[in-house]
Amino acid sequence: MRKTTTQLDQTDQTGLNPAQLEAVKAPMGPVLVLAGAGSGKTRCLTIRIVYLIHKLKIRPEEILAVTFTNKAAGEMKTRVAKLLGQRSGLRPMMGTFHSIGVKILRQEREKVGLTSNFVIFDDNDQESLLKEILSKLKIDPTKLKPALFQRIIDRAKNNLEEPEDIDDNDNYDRKFKDTARLVYQEYQDQLLKHNAVDFGDLIMMPVKIFQNHPETLSKYQEQWKYILVDEYQDTNHAQYVFTKLLASKYKNLFVVGDDAQAIYGFRGANLQNILDFEKDYPKAQIIRLEQNYRSTSPILAVAQKVIELNPRQHQKKLWTENREGNIPTLFRADDEMAEAWFVAKQIIDHQDGPSNELQYVPDEDTDILSRIMRHSRMKILPKLRNRKGLNNVAVLYRTHAQSRALEEIMIESSIPYQIVGGLKFYERKEIKDVLAYLRLLVNTNDLISLKRVINLPPRGVGPKTFELLKDALLEKKEKKLAEVFEARPQIRSFFEILDSIGNIEEEATILDIIKSVLKFTGYESFLRDGTEEGESRFENIQELFNVAASFSKLPWKEGIGRFLEEVALMTNIDELDENSDKVTLMTLHQAKGLEFDIVFLVGLEEGLLPHSRSMIEANDVAEEIRLAYVGVTRAKKQLYLVYAMSRKQFGTRNLSVPSRILKAIPEELYEVYESEF
DNA sequence: CTTCCTGCCGTTTTT
DNA sequence: CGGCAGGAAG
């Protein structure tokens, strides 16, 4: 016991201030911690978990902690384990709403008509399914696009509403409302037939189960008596109801968030959830954390001006004791290449010291076209020599498309970099093909996967044959199926191959199975067609083995199930490797919760940040401002603000206007970087 | 059914 | 500029 106390005291002494300590030790009941950027809110939440276990002697398995990403959950798990020491036994449940939703669904699947080994459909699967439904219902997909229905379905599930109230599209008319309902219904039916769920279902279905089965809700209320939620400002309505139901019995709900950092409105996040916390829980304790431990005061001064563009939400003013610090730098680039060039030059200067090699000799003529053309002569970049410590540097942008120019220059100047997101590993064709084979293996109802792989390698199955096959399978008509097999013997052997793989003894590992699939289906030889590209695609699959290997201790069927689940719920940010010495390139959304010594915030232009699509509604612009605020507050020591006077998009060059966000920052808060290039 | 080519359309942000 | 859907030819 003595040791326990000492450990917690040590925890307390590692720099928690009185306000943070108040949060960690808040009495049981509803608690809202309103915490500014860089105030250590996630840390408070983590330490509170340890406090509950150590000081209050709460059993770890009675604690549920919800994080925003799997990566955050992983970090929290590591930290909690470390703080708890070598204690054996159970751990608190930590994960995202989605990963927790899956766990509940696995337990309660029969209540919503799912059977074991159901699969999770991602956006692409969703789109394929919707396309089929639209053609079946004779809806013109050029007029009412599958993407529109995806939005409707998402919104309905996020808000736990009927799918009818979408009005943000010029296609809207009276008939459309009925169509939306019809498509939604058919879509849900089809999902069930495929033994599949989508992302929205992972939250919505557990909520429905809780609502329809009080005894089940009660079971989970008893299981998790202590609930903690991080990034509460980004919860949507379904997640809010999910939390509220679970917490309604014991009301030991501890939520942490910052309304100034709410950036997921487009995904259904409802800022009102955090603003109304006091209304929902009248006895709630509100704790404010306003001291910032991350950034220096010149950076915070900029952040403050940015967020002041928005009307006041919760009153909060950040402050820091880090008075010293470099003043942020503003750079006006001619175009996106010059912007990237500036980033690279700053990194090289920082790592290797300022270099004269870099001097650019300007032309005499100063007209805009000549300046625009200059980047063609900027390619004289030295190579980076000192590659240590690059993981402290991040380049943040609004859209993935902006990464291209940056990437080019990074390669040219030998700056190691990692791009988070964009073309995801798991979105590559060959990877998705292999995953589809695996999905089919554990869930023969997954016709979307069947469609994907039945003709890989070509087995003479086109759309027509596939329709016949699908009908035969759906209606379970042996005779029809026999006919199809008769016409296309290759289909029969395809199923025979899958069958024989499916009958491999239980002790086989997931790796054996993947190898068998690659070999016996002929996919491997199909992929390795002798071209260099084929070989590199095959290498990607090799990489998949590394991930799958961590499931090789399980019986293969279970291993594949877990593997597929992990892959489906994996996010870009989970792939981020902080220990590799590389500059990180990512979107502002992905940067949430992270921090870097040096941050470049690029593309500060009207139309990009705030994004043109956001300017239709004032509310959406407010979210863009918060996004900029998130970006600025990622910087610990040095902040660069960059914009380009012209930018190429869709192959044509456009002149751009500096962002209103820049205009909101008084000139004395930054220094302008002057250069001839 | 497969392959190859043309032309069109598009880019917010993601669990 | 680039990805991909859809059409024509083999």
Side-chain angles (χ1 to χ4, degrees), chain A residues 66-73 95-102 120-124 126-128 131 141-142 145-147 150-151 154 157-158 197-204 231 234-236 238-239 242 262-269 336 396-405 408 420-424 427 429 454-466 487-488 490 526 565 567-574 586-593 603 605 607-616 620-621 623-624 626-628 630-631 647-654:
Chain A
V66 186
T67 56
F68 196 72
T69 60
N70 287 313
K71 181 178 152 66
T96 60
F97 276 110
H98 289 86
S99 69
I100 290 155
V102 177
I120 301 167
F121 271 18
D122 67 13
D123 289 2
N124 295 301
Q126 202 181 24
E127 195 188 340
S128 316
K131 268 185 196 161
T142 55
K145 292 177 183 147
Q150 281 184 294
R151 285 217 308 283
D154 270 6
K157 290 185 178 183
N158 285 338
V197 293
D198 65 17
F199 280 120
D201 288 335
L202 295 180
I203 315 293
M204 186 193 75
E231 308 282 13
D234 285 319
T235 52
N236 62 34
Q239 292 165 336
F242 178 91
I263 54 174
Y264 281 92
F266 70 92
R267 210 172 66 189
E336 72 282 351
L396 309 180
Y397 38 76
R398 177 67 235 265
T399 66
H400 286 297
Q402 288 168 259
S403 66
R404 199 164 266 160
E408 261 179 56
V420 181
L423 293 165
K424 272 192 276 184
E427 276 174 13
K429 227 190 302 164
I454 185 118
N455 217 22
L456 291 172
R459 296 185 182 90
V461 185
K464 270 231 167 91
T465 315
F466 184 75
R488 305 279 148 153
Q490 291 195 82
F526 164 70
E565 184 182 304
V567 168
L569 296 180
M570 186 131 169
T571 65
N572 294 322
I573 205 75
D574 296 334
M586 62 185 160
T587 65
L588 286 160
H589 284 87
Q590 297 176 127
K592 171 165 146 145
E605 295 137 46
L608 210 48
L609 186 66
H611 197 274
S612 49
R613 300 289 285 257
S614 76
M615 294 196 208
I616 305 155
D620 294 341
V621 176
E623 188 153 305
E624 302 285 306
R626 294 194 291 268
L627 206 44
V630 167
R647 194 172 287 276
K648 207 185 216 177
Q649 49 185 354
F650 304 133
T652 48
R653 186 161 289 288
N654 295 312

Q: Do the ring centers of A:Phe266 and A:His589 come within less than 6.0 Å of each other?
A: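 Yes, close enough.
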Q: What nucleotide among B:dC1, B:dT12, B:dT15 has an atom nearest to a side-chain atom of A:Arg613?
A: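 Within the option list, the nearest is B:dT12.
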Q: Is the shortest side-chain N to carboxylate O distance from A:Glu408 to A:Arg404 below 4.0 Å?
A: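 No, this pair does not count.
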Q: Looking at B:dT15, C:dA5, B:dT12, which one has an atom nearest to any side-chain atom of A:Thr96?
A: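 Minimum distance to the A:Thr96 side chain belongs to B:dT15.
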Q: Rounded to whole angstroms, how far apart are CD on A:Glu565 and C1' on B:dT15?
A: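 Result: 14 Å.
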Q: Rounded to the Å, how far apart are A:Ile263 CD1 and B:dT12 P?
A: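 My rounded result for the distance is 17 Å.
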Q: Please state how far atom NE2 in A:His400 lies from atom P in B:dG10, giving the value in whole angstrom units.
A: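 In whole Å, B:dG10 P and A:His400 NE2 are 19 Å from each other.
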Q: Report yes if the ring of A:Tyr264 lies under 5.5 Å from the six-membered base ring of B:dT15 with planes under 30°, and no otherwise.
A: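 No, A:Tyr264 does not stack on the base of B:dT15.
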Q: If each of A:Asp123 and A:Ala401 is mapped to the nucleotide of DNA chain B with the nearest heavy atom, which maps nearer the 5' terminus, i.e. the 5' end?
A: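 Taking each residue's closest nucleotide, the earlier one in sequence belongs to A:Ala401.
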Q: Would you call A:Ile120 and A:His98 a side-chain contact if the rule is heavy atoms closer than 4.5 Å?
A: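 Not touching, per the 4.5 Å side-chain cut-off.
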Q: Rounded to the nearest 0.5 Å, what separation is found between the CD atom of A:Gln590 and the NZ atom of A:Lys71?
A: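 Here the rounded value is 11.5 Å.
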Q: Whole-Å distance between C:dC1 C1' and A:Asn654 CG?
A: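 After rounding, the gap between these two atoms is 13 Å.
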Q: Look at the side chain of A:Arg404 and decide which nucleotide, out of B:dT15, C:dG2, B:dT12, has an atom nearest to it.
A: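 The listed nucleotide nearest to A:Arg404's side chain is C:dG2.
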Q: So, OP1 or OP2 of B:dT15: does either fall under 4.0 Å of a side-chain N or O from A:His589?
A: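 No, A:His589 has no side-chain N/O under 4.0 Å of OP1/OP2 on B:dT15.
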Q: Round to the nearest Å and state the distance from A:Asn70 atom CG to B:dT15 atom P.
A: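 Rounding to the nearest Å, CG of A:Asn70 and P of B:dT15 are 9 Å apart.
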Q: Tell me whether the side-chain N/O atoms of A:Thr587 come closer than 4.0 Å to OP1 or OP2 in B:dT14.
A: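 Checking B:dT14 against A:Thr587, a side-chain N or O does come within under 4.0 Å of OP1 or OP2.
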Q: Using whole Å, report how far NE2 of A:His611 lies from C1' of B:dG10.
A: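 Interatomic distance, NE2 of A:His611 to C1' of B:dG10: 11 Å.
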Q: Not counting sequence neighbours, which residues clear salt bridge (charged side-chain N to carboxylate O under 4.0 Å, His left out) with A:Asp122? List them please.
A: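 Salt bridge (charged side-chain N to carboxylate O under 4.0 Å, His left out) check on A:Asp122 returns nothing, list empty.
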Q: Please report the distance, rounded to the nearest Å, between CD1 in A:Ile454 and P in B:dC1.
A: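 Atom CD1 in A:Ile454 sits about 12 Å away from atom P in B:dC1.
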Q: Do A:Phe97 and A:Thr235 touch side chain to side chain, with heavy atoms closer than 4.5 Å?
A: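 When only atoms from C-beta onward are counted, A:Thr235 and A:Phe97 do touch, with a gap below 4.5 Å.
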Q: Quick one: on DNA chain B, does A:Phe97 or A:Thr465 contact a more 5' nucleotide (nearest heavy atom)?
A: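 Upstream on the strand: A:Thr465.
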Q: Between N or O atoms, less than 3.5 Å apart, protein on one side and nucleotides 2-4 of chain B on the other: list the pairs.
A:
unit_1 : atom_1 : unit_2   : atom_2 : d
B:dT2  : OP1    : A:Asn455 : OD1    : 3.3
B:dT2  : OP1    : A:Asn455 : ND2    : 3.2
B:dT2  : OP1    : A:Gly460 : N      : 3.3
B:dT2  : OP2    : A:Asn455 : ND2    : 2.8

Q: With a 4.0 Å limit, can you tell me whether A:Gln590 has a side-chain N or O closer than that to the phosphate oxygens OP1/OP2 of B:dT14?
A: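 Answer yes for this pair, as a side-chain N or O of A:Gln590 is under 4.0 Å from OP1 or OP2.
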Q: Can A:His98 be called stacked on B:dT15 when the rule is centres closer than 5.5 Å and an angle between planes below 30°?
A: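 Stack criterion not met.
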Q: Restricting to salt bridge (charged side-chain N to carboxylate O under 4.0 Å, His left out), what partner residues turn up for A:Arg488, sequence neighbours left out?
A: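 Checked A:Arg488 against salt bridge (charged side-chain N to carboxylate O under 4.0 Å, His left out); zero matches.
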